[in-house]
Amino acid sequence: MKVFVTGVNGYIGAVLAPYLMGRGLEVLGLDTGYYRDGWLYSDDRHLACSPQTLNKDLRNITEKDLAGCDAVAHLAELSNDPLGQNKPEITHKINHGGSVALAEKARASGIRRFVYTSSCSVYGAGTGEFLDETSATNPQTAYAECKVLVERDVGKMAGPDFCPVFLRNATAYGPSPRMRFDIVINDLSALAWTTRKIAMISDGSPWRPVVHVEDICEAVYRSLIAPEDAVRGKIFNVGRNSDNYRIREIAQIVAEEFPGCEVTVGPPSGDNRSYRVSFDRIHAELPGFQCRYTARDGARQLREIFERIQMPAETYRFRAYTRLQQIKYLQSTGQIDGEFHWR
Ligand SMILES: NC(=O)c1ccc[n+]([C@@H]2O[C@H](COP(=O)([O-])OP(=O)(O)OC[C@H]3O[C@@H](n4cnc5c(N)ncnc54)[C@H](O)[C@@H]3O)[C@@H](O)[C@H]2O)c1
């Protein structure tokens, strides 16, 4: 199977490509390269498997680009809430318009399998209850709205000749060469490494589901190879029930993996939006899928990487590892135009 992986130079994509190649799939990558300034570390796995990649914007893909591919794993989007709020109209053009157009081109080229990386952020502001794939969505940002719109529009295309699958990922964590330090476990781990202190500004009571980046890769892999009838048009929350944590528990777990790290909590915050997600469906209905890692494993792996590269504080703070900072830098230096195309 040859898989067209969009966003292959992103945090998840940089792990996904070798993950799929290591399981005998061929990968053709696509990425416009917004975050290529950042490469945290190399290891033999990544060096042994760098896929052929088209340096191209998602919005300019043609059916010709997809020739010879059997499936699409679509990750290339503006990838979090603050980034989506920076210019919501561009978020809609890339994340909603670009994704639906890609699915249409894939179907027109005879590609049947289309795996889309959605997000648990579609559930929006909850009050701590368990939510599952049948719960109402309640998107709070342009980013989350677009995820709902893509699920709706590409979901309608499901049929005998097209098999889309929607993976609503929890917040990811764990090492990737194209690191992100703007997601909670990675951020707290880098803070613990560089300062030995996690000072929380609130009491950390809200719930957050988290999932290891390689478990997301496993979900993508299983969605690619599953029989069509098991997955056609289905939505799966990606994670594990026991990996719903309160933020202060995450801080505690991280601190325990970084000897000498102290955690302090602040006063209760007025904003206690919080949700827990049920991951029963993916374990029951996606053949072969199981989560392998816990938050503690992720924090330990991150410490091992930071130790290996002796990561300095300026690397943690480097703009390319915080998606919004890098995009703002590319905007303010005129490297990308008002539509986020390279000049
Ligand atoms: N990381 C998480 O916690 C998480 C959680 C839920 C869902 N997701 C989703 O998974 C996907 C990948 O997330 P990530 O963390 O790897 O994000 P990322 O920002 O690290 O990677 C996204 C990649 O897409 C590329 N890209 C963005 N716009 C593009 C365009 N117009 N044309 C071509 N390439 C473009 C970027 O250059 C980047 O390399 C995203 O769709 C994201 O919404 C991520």
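Order of listing sets the numbers, starting from 1, for every ligand and every atom in it. Just so you know, residue 1 is the first one in the sequence shown, and it goes up from there.
Among Ala14, Ala170, Ser79, Ala144, the residue whose heavy atom lies closest to atom 19 (O) of ligand 1 is Ser79.
Heavy-atom contacts from other residues, nucleotides or ligands closer than 6.0 Å to NZ of Lys156 number more than 12.
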Side-chain donor-acceptor contacts of residues 302-314 below 3.5 Å, not counting sequence neighbours, with atom names and distances?
unit_1 : atom_1 : unit_2 : atom_2 : d
Arg303 : NE     : Glu257 : O      : 2.5
Arg308 : NH1    : Ser42  : O      : 3.4
Gln310 : NE2    : Glu307 : O      : 2.9

Which donor-acceptor pairs under 3.5 Å do the side chains of residues 83-90 make with protein atoms, sequence neighbours left out?
unit_1 : atom_1 : unit_2 : atom_2 : d
Gln85  : OE1    : Ala142 : N      : 2.9
Asn86  : ND2    : Gln331 : OE1    : 3.0
Lys87  : NZ     : Gly338 : O      : 3.1

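Closest to atom 27 (C) of ligand 1 among all protein heavy atoms lies Glu77 O, 3.4 Å. Closest to atom 21 (O) of ligand 1, if we only count protein heavy atoms, is Gly10 CA, 3.3 Å. Looking from atom 26 (N) of ligand 1 to the surrounding protein, the closest heavy atom is Ala76 CB, 3.9 Å. Nearest protein neighbour of atom 14 (P) of ligand 1, counting heavy atoms only, is Arg180 NH1, 3.8 Å. In terms of protein heavy-atom proximity, atom 44 (C) of ligand 1 is nearest to Ile12 CD1, 3.7 Å. Protein heavy atom nearest atom 10 (O) of ligand 1, with residue, atom name and distance: Thr117 OG1, 3.4 Å.
Contact annotation for Thr32 and ligand 1: heavy atoms of both the backbone and the side chain come within less than 4.0 Å of the ligand. For Lys56, every heavy-atom contact with ligand 1 shorter than 4.0 Å involves the backbone, none the side chain. Of all the heavy atoms of Ser121, none lies under 4.0 Å from any atom of ligand 1, so neither backbone nor side chain is involved.
Between Lys147 and ligand 1 there is a heavy-atom distance shorter than 4.0 Å. Not a single heavy atom of Cys120 sits under 4.0 Å from any atom of ligand 1. Heavy-atom separations between Tyr143 and ligand 1 include at least one value shorter than 4.0 Å. Heavy-atom separations between Ser118 and ligand 1 include at least one value shorter than 4.0 Å. Under the 4.0 angstrom criterion for non-hydrogen atoms, Gly98 is not in contact with ligand 1. Heavy atoms of Arg323 approach ligand 1 to within less than 4.0 angstrom.
Ring geometry, Tyr34 versus Trp342: the interplanar angle falls from 30° to 60°, so the pair is classed tilted. Note on ring orientation: taking the six-membered ring where Trp is involved, the planes of His74 and Phe114 are tilted (angle from 30° to 60°).
Checking only distances, Ser119 never comes within under 3.5 Å of ligand 1, N or O to N or O. Looking at ligand 1, you won't find any N or O of Asn169 less than 3.5 Å from one of its N or O atoms. In terms of polar-atom proximity, Thr171 is not counted as a contact of ligand 1, lacking any N or O under 3.5 Å from an N or O of the ligand. Geometrically, ligand 1 and Leu75 share a nitrogen or oxygen pair separated by less than 3.5 Å. Of the N or O atoms in Leu78, none lie within a sub-3.5 Å distance of an N or O in ligand 1.
Each of Phe318, Phe181, Tyr316 was evaluated against Leu40; a single residue qualifies, Phe181, per the side chain to side chain contact (heavy atoms under 4.5 Å, CB included) test. Considering Arg59, Lys93, Arg323, Lys147 in turn, Lys147 is the only one that fulfils the salt bridge (charged side-chain N to carboxylate O under 4.0 Å, His left out) rule with Glu77.
For ligand 1, the atoms closer than 4.0 angstrom to any heavy atom of Asn9 are 39 (O). Atom numbering of ligand 1 starts at 1 in the shown order; those under 4.0 Å from a heavy atom of Ala172 are 1 (N), 2 (C), 3 (O). With ligand atoms numbered from 1 in the order given, ligand 1 contributes 23 (C), 24 (O) to contacts under 4.0 Å with heavy atoms of Gly7.
Nearest approach of Ile235 to Glu151, heavy atoms of both residues: CD1-OE1, 3.5 Å.
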